[in-house]
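The model shown is predicted, which means the values in this text are computed figures rather than measured ones.
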Amino acid sequence: MASSFLSSTPLTLLFLFFTYSYFVPATSVDQTLKKTFIFLVDSQSKPSVFPTSYHWYSSEFVSDPLQILHTYDTVFHGFSAVLSPERAAFLGQNPSILAVIEDRRRELHTTRSPQFLGLRNQQGLWSESDYGSDVIIGVFDTGIWPERRSFSDVNLGPVPTRWKGICETGVKFGPRNCNRKIIGARFFAKGHEAGTGSGGPLGGINATAEFLSPRDADGHGTHTASTAAGRNSYRASMEGYADGIAKGVAPKARLAVYKVCWKQNGCFDSDILAAFDAAVADGVDVISISIGGGDGISTPYYLDPIAIGSYGAVSKGVVVSSSAGNDGPNGMSVMNLAPWLVTVGAGTIDRDFPADVILGNGHKVSGVSLFSGAPLKNQMYTLVYPGKSGVLSDSLCMENSLDPNLVRGKIVVCDRGSSARVAKGWVVKKAGGVGMILANGISSGEGLVADAHLLPACAVGSNEGETLKSYISSNTNPTATIDFKGTILGIKPAPVVASFSGRGPNGMNPEILKPDLIAPGVNILAAWTDAVGPSGLDSDTRKTEFNILSGTSMAAPHVSGAAALLKSAHPDWSPAAIRSAMLTTASLIDNRKMPMTDSSTGKPSTPYDFGAGHLNLGLAMDPGLVYDITNADYVNFLCSIGYGPKVIQVITHSPAKCPAKKPLPENLNYPSITALYSTSSAKTQSKTFIRTVTNVGQPNSVYRATIVSPNGVTVAVKPAKLAFTEAVKKQSFIVTVTADTRNMVLGDSGAVFGSISWSDGKHVVRSPIVVTQMDPL
């Protein structure tokens, strides 16, 4: 992005915000031109005559105080209000207004996993951190179902005295729904109502399907909260699947619930920002947010309220863990790119729920399923593929697309895409089908996700799907049955990068490697709501205490719980130090002692898929060295990518001054190195990178560098030895990466990869190196 418009006037910025904005439906028929806007304000401009910022906003910027939805004064200063675009544009010219952002709707990124991460009872990080006791995790999601065993406060001590939050009551949620585990709960609906309320096509909050309170009508929030910090729950399962002891990553951590997403129509930025503002003021230590743009488009930081709100949190010492999105395996699909966030992709664990499709010719096709109803008992049924008609909606088994005369009493093959996987099964069932086989498309490859279907059904990979379709087309009477195998442990290989997990390169600033790492996000057992069945469909009347879900939404709370453990064990560590500890100790190998693979292709995965690797909490507590980053470092980074002082103040809510010599974005002290070379420059190119490490291990230690150079690239480090003493806790080094760009052979991902590791004989502090050719974005 050119610096010329990034340092522009507020009026020009307002135009940019409209250019990138998303339409929000009107709040009423007579207000068809009014929308919700977020105003970021220079608080130093407030006239002293006004006792509070609210008085100033309501007196000077709006004609009716009721137009103001939220005021913000912790992570940044400003307000959101329902106004006409013309009025918003006029206000954008006020010198006190730093920026105007149109409200935007976002989507959710939708047991055994703690052990898979290297956690063990009474030893290691669980023991050293007392299971995260007294650390407060704020969960931004769909609320919570508080009656679950996962949220018991038995044997927990008093609520931490520093806690300043509240237990907000509402529909079917009272003061007794908070306890020493759920120490606070709030809900944020004003932005949602303004964007979807009466007169708008989305219809606001449906009181018959939703609770106007922190209670969870969707299940997603209950699942993520218990994944991060659920208590031990014995004999846990989802209708017999994944039977065992369910527990969160930080079982003794406290939970603060911020309901910002609703069962219908998702989450709105103005409400998310209000939650950031409240959570930091309340005193949370970690924020878990499994939310992102549902459009696959990377948004500049100054236009992204999640980036703005999380910067305000991180700048005050709060770790923010966010999901990488579910738009993989496409390249450049990773979301939540701000360098102050921890961006988490998804991997598998060593547990699976296999189901075999047995064809009439005796051939077996492998799949997965969480179907728990009456089995087919090896009875063979006619197998049909509606896609033979050539109508796309038929092949996708969309609503009202299936002819009952074609599918009644048969097993139906449906293609994945365009509608929810479980919804396809419901369409088949309504049309009279006895079973469904859900086939991946080429884009999803062989990556499989198990679902709690309402009829006998399983998912198969793209190649197996083609086998089924070929069998159907070549036989006059194709038949099949489905054999459900239950729960299988010890699956190899694991972890494997999930096919849906958001992938790099970073579409905003490719100099910063994203995602940061991966964590368990496939077939995760965690607590569930009573408001909806395990499939999430309105037609599903089943009740279950636990459910099994997949998504980067499930991976992010694993890292949130991990951050809580590290925060408890090391209360003086910054958010960047905690992230660094997780990244530099992450694992690159699976349980076969081989490099991790990609579930969509079966081929070796790369740092574009997994970042630094898979979370390994057996090592993160004692990383040896960390790459720390200060608020001033982040400001320099924003200067380096061309943001001017006014634009930077939109993000940091403090006046910024850039250095006379423009910094380089690749010199942000990140625990990874990405060398970008122009496609049109000279044959041999070199880049230098400066990094600083802080010793958090033994005071007197010496670390030596080991380099794994990418193919066709030379990497040198100077000095090659770092000595630390009681007095010398920080050391800097320079990495020089030299590439023969005309002869460099890039892989399928368009990059080559290596690493630099520092070791003192006990610790290995590893950082990935990425080398690619890419002209400026």
Side-chain angles (χ1 to χ4, degrees), residues 1-8 12-13 16 20 98-99 298-304 306-308 310-312 314-315 332 334 336-343 504-514 516 574-576 579-580 583 611 627-678 681 685-693 730 732-737 739 751 767-777:
M1 269 173 214
S3 59
S4 60
F5 70 75
L6 292 175
S7 56
S8 50
T12 307
L13 274 173
L16 288 170
Y20 280 92
L98 298 172
S298 300
T299 305
Y301 310 128
Y302 58 88
L303 295 172
D304 182 357
I306 290 181
I308 294 169
S310 61
Y311 181 89
V314 169
S315 69
M332 208 174 286
V334 60
N336 290 323
L337 301 173
W340 42 88
L341 289 166
V342 187
T343 307
N506 182 333
M508 188 61 55
N509 296 110
E511 302 90 346
I512 306 298
L513 180 62
K514 292 284 184 175
D516 287 307
S574 70
R579 176 179 57 196
S580 175
L583 269 56
Y627 293 80
D628 210 352
I629 303 177
T630 66
N631 294 340
D633 294 328
Y634 287 127
V635 170
N636 281 342
F637 168 78
L638 295 172
C639 292
S640 76
I641 61 175
Y643 287 14
K646 279 285 187 182
V647 177
I648 294 174
Q649 191 176 355
V650 169
I651 300 165
T652 65
H653 72 270
S654 297
K657 184 177 181 180
C658 290
K661 183 179 180 181
K662 186 178 179 181
L664 297 173
E666 57 263 35
N667 280 337
L668 180 67
N669 200 39
Y670 221 73
S672 61
I673 290 173
T674 300
L676 304 179
Y677 295 108
S678 171
S681 295
Q685 302 178 55
S686 289
K687 281 184 174 287
T688 58
F689 303 82
I690 302 171
R691 293 292 186 270
T692 301
V693 287
K730 292 180 180 289
S732 297
F733 59 92
I734 296 175
V735 178
T736 303
V737 180
S767 295
I769 297 175
V770 180
V771 180
T772 187
Q773 289 182 282
M774 184 181 298
D775 289 321
L777 296 175

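- The OH atom of Y627 sits 7.5 Å away from the CG atom of N669 when rounded to the nearest 0.5 Å.
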Trace of the side chain to side chain contact (heavy atoms under 4.5 Å, CB included) decision for Y302 with L98: CA-CA 10 Å; Y302 58 88; L98 298 172; over 6 Å; no
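- Across P300 and M508, no two heavy atoms sit closer than the pair N-CE, 3.5 Å.
- D628 and S574 share a donor-acceptor pair across their side chains, judged by distance under 3.5 Å alone.
- Side-chain contact check for N636 versus P659: some heavy-atom pair is nearer than 4.5 Å.
- Of all heavy-atom pairs spanning A656 and P645, the tightest one is O-CB, 3.3 Å.
- Here the straight-line distance linking atom CG of D633 with atom CG of L638 works out to 11.0 Å at 0.5 Å rounding.
- With hydrogens and angles disregarded, a donor-acceptor distance shorter than 3.5 Å links the side chain of N506 to the backbone of I512.
- Ring pair F637/Y301 is tilted by interplanar angle, where 30° to 60° counts as tilted.
- Counting only N and O atoms by type, the side chains of D516 and Y670 include a donor and acceptor under 3.5 Å apart.
- Residues I734 and F689 are not in side-chain contact: their nearest non-hydrogen atoms beyond the backbone lie 4.5 Å or more apart.
- Taking the side chain as every heavy atom from C-beta outward, N509 and P665 never approach each other to under 4.5 Å.
- The closest donor-acceptor contact from the side chain of S315 to the backbone of Y311 lies under 3.5 Å.
- With K687 contributing its side chain and A739 its backbone, the two residues share no donor-acceptor pair below 3.5 Å.
- Across every non-hydrogen atom of L341 and R579, the tightest pair is O-NH1, 2.9 Å.
- Put simply, CG on D304 and CD1 on I651 are 9.0 Å apart, with the number rounded to the nearest 0.5 Å.
- Between I673 and R691, the closest heavy-atom pair is CG1-NH2, 3.8 Å.
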I648 vs C658, side chain to side chain contact (heavy atoms under 4.5 Å, CB included): CA-CA, chis, key distance, verdict: CA-CA 10 Å; I648 294 174; C658 290; 3.7 Å; yes
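- At least one side-chain heavy atom of Y634 sits under 4.5 Å from a side-chain heavy atom of L668.
- Between the side chain of N667 and the main chain of I690, a donor-acceptor pair closer than 3.5 Å is present.
- Heavy-atom minimum distance, S310 versus A307: OG-O, 3.1 Å.
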Trace of the side chain to side chain contact (heavy atoms under 4.5 Å, CB included) decision for L676 with E511: CA-CA 7 Å; L676 304 179; E511 302 90 346; 3.8 Å; yes
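- Panel note: side chain W340, backbone N631; no donor-acceptor pair is recorded below 3.5 Å.
- Looking at P768, P671, P505, S767 one by one, the single match for side-chain contact (heavy atoms from CB on, under 4.5 Å) with L513 turns out to be P768.
- In terms of heavy atoms, L337 sits closest to G507 at CD1-N, 4.0 Å.
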